[in-house]
*Asks:* 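Could you have a look at this structure, given as structure tokens, before my questions?
Every number for a ligand or one of its atoms is a count from 1 in the order of the listing.
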Amino acid sequence: MPKNSTFYLEAYHRTPEQAQLVQATAELTLPAALCKQAQAAIVQWQHYQPTAMHELNHLAKHYGLASLHCKDEGTRFGLGSFKALGGAYAVSLFAKTAGQTVACATEGNHGRSVAWGAQRAGVDCVIFLHEGVSTAREEAISRYGARIIRVPGTYDDAVRECARLSAQEQWQIISDTSWGDYQDIPKFVMAGYSIMAEEIQAQLSAPPTHVFLQGGVGGLAAAMMACLGRAWPEAAICYIVVEPRYAACLQASARAEGQYRSTPGPFHTVLAGLACGEPSTAVLPLIYQRSQLYLALDDEAIKQAMIQYARPLADDPRIIAGASGAAGLAGLLVLQGVCELKKQVNLDKHSRVLVINTENDTDPAAYRAMIG
Ligand SMILES: Cc1ncc(COP(=O)(O)O)c(C=O)c1O
């Protein structure tokens, strides 16, 4: 492993009984009916269209893989990230009365989605940002008419402050993370993400063998594991979770056999969307049962992946990937250099790899600084 990166390889052998258990956990975490309902609604939204699935043939050949596909969420509803699907969808369900206020804490992308959804629904919106969120991200949220509240500390501190003030003011929290008995709405947020899996199934001629998934609070990873597992029930897909080096709460929870574990801040990482120290409690069992490998990467690995996307090999497509967007590919690139680990997850010439570019240059200055 490169210096400053860590990994955790899930050791237990999965039996057929465990495969059944995983399906049951997937249904509990994200019921198929919720996903169908979300998909039926979102395809009706104005300007809905599936995002692109790019083939990176030269890069696949370079690394000796059968194929490498990138689902590119950078164009999702003009919001720059897959988060456009979740928050806005949950707002459409839970904010129907004029005079209502919705609220959430965010690293940027989820808040932008909630603010957009609130504007569409005609309700007020309050977004809690921790001190590290850039002004560019704040402006992108304010553009939809949301009121911003800044909170000292980390994303997790902003989540707590949002919960406290929303209880006092009777605002409806639309969070992408779950805790305590706040469990339902994050499921609807994940149901919004499920449309990605539906599109992926339609866009790929065969199931992927390896899927690299970015982990913040775990909503994206769990939604993809539940839905891709349903799309291809017979395929033994290897899921690899990629997190920032110092905010790897999903890896920490896996090391504790799927028990809730948090990682303390402050988080110094370019991975603005993934700098979460506390996992979403609702997703932990599924992520633990489904993931095979966890990677916690430093910023240098992310930078290499962003550059790889921006300056592709030969006539592979050029993709604009922000730091959190590029983290999946960064996981693949790092793994290429660790032969033993590659072997253990069977990443070889038969592998059909899927990565998701989860955001474009949602913070343009940060993007330019990384790409040079
Ligand atoms: C661009 C991007 N990718 C990935 C993630 C991770 O999603 P989750 O927090 O659901 O794990 C986020 C979260 O905000 C994000 O903004």
*Asks:* Given the side-chain rings of Phe267 and Tyr155, with only the six-membered ring counted for Trp, is the space between their centroids under 6.0 Å?
*Replies:*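 Not close enough - the centres of the two rings lie 6.0 Å or further apart.
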*Asks:* If only side-chain N and O atoms count, and only distance matters, is there a donor-acceptor pair under 3.5 Å linking Thr358 with Glu73?
*Replies:*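 No, because no side-chain N or O of Glu73 sits under 3.5 Å from a partner of the opposite role on Thr358.
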*Asks:* Using the ring of Trp116 (Phe, Tyr or Trp, six-membered ring only), decide whether Arg120 places NZ or CZ under 6.0 Å from its centre and within 45 degrees of its axis.
*Replies:*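 Yes, a cation-pi geometry.
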*Asks:* Can you give me a line-by-line list of nitrogen or oxygen pairs between ligand 1 and the protein shorter than 3.5 Å?
*Replies:*
| unit_1 | atom_1 | unit_2 | atom_2 | d |
| --- | --- | --- | --- | --- |
| ligand 1 | 3 (N) | Thr358 | OG1 | 2.8 |
| ligand 1 | 9 (O) | Val217 | N | 3.0 |
| ligand 1 | 10 (O) | Lys83 | NZ | 3.4 |
| ligand 1 | 10 (O) | Gly219 | N | 3.1 |
| ligand 1 | 10 (O) | Leu220 | N | 2.9 |
| ligand 1 | 11 (O) | Gly216 | N | 2.8 |
| ligand 1 | 11 (O) | Val217 | N | 3.3 |
| ligand 1 | 11 (O) | Gly218 | N | 2.8 |
| ligand 1 | 11 (O) | Gly219 | N | 3.4 |
| ligand 1 | 14 (O) | Gly273 | O | 3.2 |
| ligand 1 | 16 (O) | Asn109 | ND2 | 2.8 |

*Asks:* Side chains of Gln304 and Glu300: any donor to acceptor distance under 3.5 Å?
*Replies:* yes
*Asks:* Does any donor atom in the side chain of Arg245 or Thr269 lie under 3.5 Å from an acceptor atom in the other side chain?
*Replies:*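 Short answer, no.
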*Asks:* Should the ring pair Trp45 and Tyr89 be called parallel, tilted or perpendicular, given that the plane angle runs from 0 to 90° and is split at 30 and 60?
*Replies:*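 Correct class here is tilted.
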